[in-house]
Chemist: 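Quick one: this structure, given as structure tokens, is what I'll be asking you about.
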Amino acid sequence: MPFSTLTLAPGVFSDEATGDAESRYVDSDLVRFHRGRAQIIGGWQNATADLVPGVARQIVQWADILGNELVAIGTHRRVQLLEGGQLTDITPLEATGTYSSNPITTASGSTTITIAHTSHSLDPDQEILLASATAVGGLTTDQLNTYHTVVSTPDANTFTVAVAGSAASSTATGGGTPVYSYLIAPGFQESTGGTGWGAGGWNASGTTWGTARSVSATTFDLRNWSFALYGEDLLMVASDHQIVYKFDTSVGSGTRPAVVANAPACEQILVNADTRQLITFGGTDRMAIAFSDKNDITDWTATETNSAGSVSLGEGSEIVAVSKARGPGNFLLVTDQSAYLMSFSGGELVYRFSRLGGTPAPYGPSAIVEADGNVLYFTDAGVMSYSGGGLTPLSCPILRTVFAELDGTNARTVFAARNAEFNEWLFFYRSTSSSADNDRVLVWHAGEGPNVWSRSTLGRTVWSDRTVGANPVAVTAEGNVYLHETGTSAAGANIAASITTADVDLPDSLLYSVTNFIPDFKISGSDNLSLTFNSRISPLGDQTTTGPHTITPSTSVVNVRSTGRSVSFTVSSDSSNIFWRSGSQRIEIQQSGAER
């Protein structure tokens, strides 16, 4: 009997009718397209045994002057530095000092202690770090000298925190003279409307300490961090805190980031590496742009002899996302209405601003990514591209499938990233079925062609492509930090990968008896593939299914006896020790003796 080759184009095609997807794939999970074929994605392993506290919203990799590999991760609660497999907290501080003598009060059997501090200015849920406290009320120094979360603020001079242990006795005062460090207040994990206690920003206009916020329809954005490298040092700003800090890498993780003097309040930052200028975006005026003098990020006052200055864009209500762009000193700025090219020109104006045209707004500040001068950003109309000419919408044959499951109320969590090793552009998003955060990823396999896309259940809130390190680094909603593209397991667990084809018409759409599937897969590892084979007589008719069948590295033929005018199949694996790559699949067929 003759063989028929099942010719399949790369990419998933799920938005159109079954017939239009003929000879394509219609679904996949944890599979990529590379060099024209489908293969399981690479594995991942823990970069550290510790979890980052909070949900990560920004990440950056770089190296210090000594070549040490560093990763900074900003969450809605903290900023963490990953170095040599260890996480160190480098969250900026709101205040530091030493308490008056014996500020701690305990209550017998309670896991909450009261601390006296005149005019403390803390909020519930804010975190503090204690040091040099002495044992009190049965609580040990180890239980006291660590991070704590503020539980309540009874008044302006006392607050309570949770401790890891119960006091054995009531003690009026104790603890010696502890040293305190108050971390900046945490932000929102997700965009939310809110009123009452904790709603709105700290020290908001028209409010006083200890009073609930009035009812309002205001929506509060989740906390995003904006990171920018200034030489070997790291600049950072939290979108809701709006104070720019500098982490001095030469000093090391033992020193907290310091406030950048004179920098304006802002929501996002970029650095012009050629002029060594810090550029800020947003703030009280959400369309504002300010830039420091060359080589001096503390000089923001424009004069005839420096390159500092400020402007405000005219079209839109906020600058949603910013990115480097093609060419030195060029940046892409996207508001909620338009896109602008910001270009360094020198001279009196310092920067020129050219409107590129109207555009759908990016989902959020992290929904934009740049690589090799190409900028992509994800919007509610699809993915937009800018490469130095005009704005271009990318064609995506699974976009409606993605939009049907994307959680629009939490779309500001979208995180755009790059995986240069496989020429992939990644857009992580939260689906309506998620109980946590980002749990899906839309992938453009750019190296395979303009219409080659897939989606997977790979939940990551941030992703940094490999730079100084050998692997991309990503973080889950649960706080796991992973090194990607290494091994074949999901940090020791199984990777459940699968891919499903659309119907492939048999020659001349005649009725055939299909006897055997001739597999062509490169398989390595200790486990096998599973094959489910389907046939259909008419496009809308019932499927006949056989399987699952096991495919090993030595399997030469699989009996799939069935009858139809078209066939399809699903290949899957659920293993921590397998790599597979599809080749050219064939079936053994014979024209049926009776037409139907």
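None of these values were measured; they are calculated from a predicted model.
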Chemist: Which of parallel (below 30°), tilted (30 to 60°) and perpendicular (above 60°) describes Trp444 and Trp453?
Modeler: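 It falls in the parallel class, under 30°.
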Chemist: Check whether the side chains of Thr545 and Asn534 place a donor and an acceptor atom closer than 3.5 Å, and report yes or no.
Modeler: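 Looking only at side-chain atoms, Asn534 and Thr545 do form a donor-acceptor pair, the distance falling under 3.5 Å.
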Chemist: Can you tell if the side chain of Arg355 reaches within under 4.5 Å of the side chain of Glu315, non-hydrogen atoms only?
Modeler: yes
Chemist: Could you please spell out the steps behind the side-chain contact (heavy atoms from CB on, under 4.5 Å) verdict for Ile73 and Phe227?
Modeler: CA-CA 9 Å; Ile73 302 166; Phe227 291 156; 5.9 Å; no
Chemist: Looking at side-chain heavy atoms only, is the closest gap between Thr488 and Ile578 below 4.5 Å?
Modeler: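 Side-chain contact under 4.5 Å: no.
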Chemist: Can you find a pair of side-chain heavy atoms, one from Pro10 and one from His34, that are under 4.5 Å apart?
Modeler: no
Chemist: Check whether any side-chain heavy atom of Val558 sits under 4.5 Å from a side-chain heavy atom of Phe533, and report yes or no.
Modeler: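 Sidechains of Phe533 and Val558: no contact.
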Chemist: Could you measure the distance from the CD1 atom of Ile518 to the CD1 atom of Ile587? Nearest 0.5 Å is fine.
Modeler: 9.5 Å
Chemist: Going by atom types only, do Glu478 and Thr476 share a side-chain donor-acceptor pair under 3.5 Å?
Modeler: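 Glu478 vs Thr476: donor-acceptor pair found between side chains.
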Chemist: Indicate whether any N or O donor in one side chain lies under 3.5 Å from an N or O acceptor in the other, for Trp62 and Thr467.
Modeler: no
Chemist: In Å, rounded to the nearest 0.5 Å, how long is the span from OG1 of Thr88 to CD of Gln86?
Modeler: 7.5 Å
Chemist: Side-chain donor-acceptor pair under 3.5 Å between Gln80 and Asp89, yes or no?
Modeler: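 Side chains of Gln80 and Asp89: pair found under 3.5 Å.
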Chemist: Is the ring centre of Tyr25 less than 6.0 Å from the ring centre of Phe33?
Modeler: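 Here the rings of Phe33 and Tyr25 have centres that are less than 6.0 Å from each other.
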Chemist: Parallel, tilted or perpendicular: which describes the rings of Tyr482 and His484, with under 30° parallel and over 60° perpendicular?
Modeler: perpendicular
Chemist: When you compare the side chains of Asp520 and Ser584, does any donor N or O come within less than 3.5 Å of an acceptor on the partner?
Modeler: no
Chemist: Can you find a heavy atom in the side chain of Pro553 that is under 4.5 Å from one in the side chain of Phe521?
Modeler: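 Pro553 does not reach Phe521 side chain to side chain.
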Chemist: Taking atom types as modelled, is there a side-chain donor on Asp407 or Thr409 under 3.5 Å from an acceptor on the other?
Modeler: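 A donor-acceptor contact under 3.5 Å links the two side chains.
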Chemist: Taking Asp15 first and then Arg24, would you say they form a salt bridge - that is, a charged N and a carboxylate O separated by under 4.0 Å?
Modeler: no
Chemist: What are the two closest non-hydrogen atoms of Val26 and Ala502, and how far apart are they?
Modeler: CG1-CB, 3.4 Å
Chemist: Less than 4.5 Å apart, side chain to side chain, heavy atoms only: is that true for Arg35 and Arg581?
Modeler: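 Contact flag for Arg35/Arg581 side chains = yes.
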Chemist: Distance alone, cut at 3.5 Å: any donor-acceptor contact between the side chains of His549 and Ser530?
Modeler: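 Side-chain D/A pair, His549 to Ser530: absent.
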Chemist: After noting the C-alpha distance and the side-chain angles of Thr563 and Thr544, does the key distance pass the side-chain contact (heavy atoms from CB on, under 4.5 Å) rule?
Modeler: CA-CA 8 Å; Thr563 300; Thr544 299; over 6 Å; no
Chemist: Mind running side chain to side chain donor-acceptor pair (under 3.5 Å) on Thr486 and Asn471 for me, showing each step along the way?
Modeler: CA-CA 8 Å; Thr486 177; Asn471 306 93; 4.7 Å; no
Chemist: So does Glu588 get a backbone contact from the side chain of Asn516, meaning a donor-acceptor N/O pair under 3.5 Å?
Modeler: no
Chemist: Distance from Ile41 atom CD1 to Asn419 atom CG, nearest 0.5 Å?
Modeler: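 Those atoms lie 9.5 Å apart.
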Chemist: Is it true that Glu405 and Arg455 have a side-chain N and a carboxylate O under 4.0 angstrom from each other?
Modeler: yes
Chemist: Of all heavy-atom pairs between Ser395 and Asn451, which one has the smallest distance, and what is that distance?
Modeler: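 Minimum heavy-atom contact is OG-OD1, 3.1 Å.
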Chemist: Is it true that the side chains of Glu267 and Ser239 contain a donor and an acceptor less than 3.5 Å apart?
Modeler: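 Ser239 and Glu267 do not have a side-chain donor-acceptor pair below 3.5 Å.
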Chemist: Using modelled atom types only, decide if a donor and an acceptor are shared between the side chain of Asn559 and the backbone of Arg561 within a distance under 3.5 Å.
Modeler: yes
Chemist: Strictly by modelled atom types, are Asn494 and Ser575 linked by a side-chain donor-acceptor pair under 3.5 Å?
Modeler: no
Chemist: Which pair of non-hydrogen atoms, one from Trp580 and one from Ala38, has the smallest distance, and what is that distance?
Modeler: CZ3-O, 4.2 Å
Chemist: Classify the side-chain pair Tyr377/Thr359 by whether it contains a donor and acceptor separated by less than 3.5 Å.
Modeler: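 Present: a donor and an acceptor within the cut-off.
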Chemist: Report the distance from atom OG1 of Thr457 to atom CG of Leu30, rounding to the nearest 0.5 Å.
Modeler: 4.5 Å
Chemist: Between Tyr363 and Phe378, does the ring centre distance come in under 6.0 Å?
Modeler: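 Ring centroids of Tyr363 and Phe378 are less than 6.0 Å from each other.
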Chemist: What I want to check is whether the side chains of Ser431 and Ser433 have a donor and an acceptor closer together than 3.5 Å.
Modeler: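 Checked: Ser431/Ser433 side chains pair up, N/O donor to acceptor below 3.5 Å.
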Chemist: Give a yes-or-no answer on whether the side chains of Ser14 and Thr401 include a donor-acceptor pair shorter than 3.5 Å.
Modeler: yes
Chemist: Going from CZ on Arg586 to OG1 on Thr7, what distance comes out if it is rounded to the nearest 0.5 angstrom?
Modeler: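 Answer for the CZ-OG1 pair, Arg586 versus Thr7, is 11.5 Å.
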Chemist: In plain terms, say whether Glu16 and Arg400 are close enough for a salt bridge, that is, a side-chain N and a carboxylate O under 4.0 Å apart.
Modeler: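 Counted as a salt bridge, because a side-chain N and a carboxylate O are separated by less than 4.0 Å.
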Chemist: Tell me, do Trp225 and Val237 make a side-chain contact under 4.5 Å, heavy atoms counted?
Modeler: no
Chemist: Is there a donor-acceptor pair under 3.5 Å between the side chain of Ser434 and the backbone N or O of Ala436?
Modeler: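 Judged by distance alone, yes, a pair lies under 3.5 Å.
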Chemist: So Val375 and Ile368, side-chain contact (heavy atoms from CB on, under 4.5 Å) or not? Walk me through it.
Modeler: CA-CA 7 Å; Val375 184; Ile368 192 168; 3.6 Å; yes
Chemist: Are any side-chain N or O atoms of Arg430 and backbone N or O atoms of Arg440, one a donor and one an acceptor, separated by less than 3.5 Å?
Modeler: no
Chemist: Minimum heavy-atom separation for Leu229 to Gln61, with atom names?
Modeler: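 Reported closest heavy-atom pair: CD1-O, 4.3 Å.
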Chemist: Mark yes or no: Arg418 above the aromatic ring of Trp463, with NZ or CZ under 6.0 Å from the six-membered ring centre and no more than 45 degrees from the axis.
Modeler: no
Chemist: Considering non-hydrogen atoms only, spot the tightest contact between Lys324 and Glu370 and give its length.
Modeler: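 Smallest interatomic distance, heavy atoms only, reads O-CG, 3.3 Å.
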Chemist: Quiz question: by atom type and distance under 3.5 Å, do the side chains of Asn577 and Ser489 form a donor-acceptor pair?
Modeler: no
Chemist: Does the pair Asp542/Arg536 count as a salt bridge with the N-to-O cut at 4.0 Å?
Modeler: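 Salt bridge between Asp542 and Arg536, a charged N being under 4.0 Å from a carboxylate O: no.
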Chemist: Check Ala361 against Val320 and note the closest heavy-atom contact, atom names and distance.
Modeler: CB-CG2, 4.4 Å
Chemist: Apply the test side-chain contact (heavy atoms from CB on, under 4.5 Å) to residues Phe281 and Leu270: give CA-CA distance (whole Å), side-chain angles for both, the deciding distance (0.1 Å), then the verdict.
Modeler: CA-CA 8 Å; Phe281 304 90; Leu270 288 172; 3.9 Å; yes
Chemist: Answer with yes or no whether the side chains of Thr555 and Thr552 bring together a donor and an acceptor at under 3.5 Å.
Modeler: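 A pair is found: one side chain offers a donor N or O, the other an acceptor, under 3.5 Å apart.
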Chemist: Would you call Arg32-Glu485 a salt bridge at under 4.0 Å N-O?
Modeler: yes
Chemist: Examine the side chains of Thr413 and Asn438 and answer whether a donor and an acceptor come within less than 3.5 Å of each other.
Modeler: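 There is such a pair (donor and acceptor under 3.5 Å, judged by atom type) between the side chains of Thr413 and Asn438.
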Chemist: Hey, is Arg565 close enough to Asp503 for a salt bridge, meaning N to O under 4.0 Å?
Modeler: no
Chemist: Check Asp29, Asp27, Thr532, Thr570 against Thr500 for a side chain to side chain donor-acceptor pair (under 3.5 Å) and give me the one that passes.
Modeler: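 Output: one option passes, namely Thr570.
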Chemist: Measuring only between side-chain heavy atoms, which start at C-beta, is Phe415 closer than 4.5 Å to Val369?
Modeler: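 No, every pair of side-chain atoms sits at 4.5 Å or beyond.
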Chemist: Under 4.0 Å between a Lys/Arg side-chain N and an Asp/Glu carboxylate O for Glu318 and Arg412?
Modeler: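 Counted as a salt bridge, because a side-chain N and a carboxylate O are separated by less than 4.0 Å.
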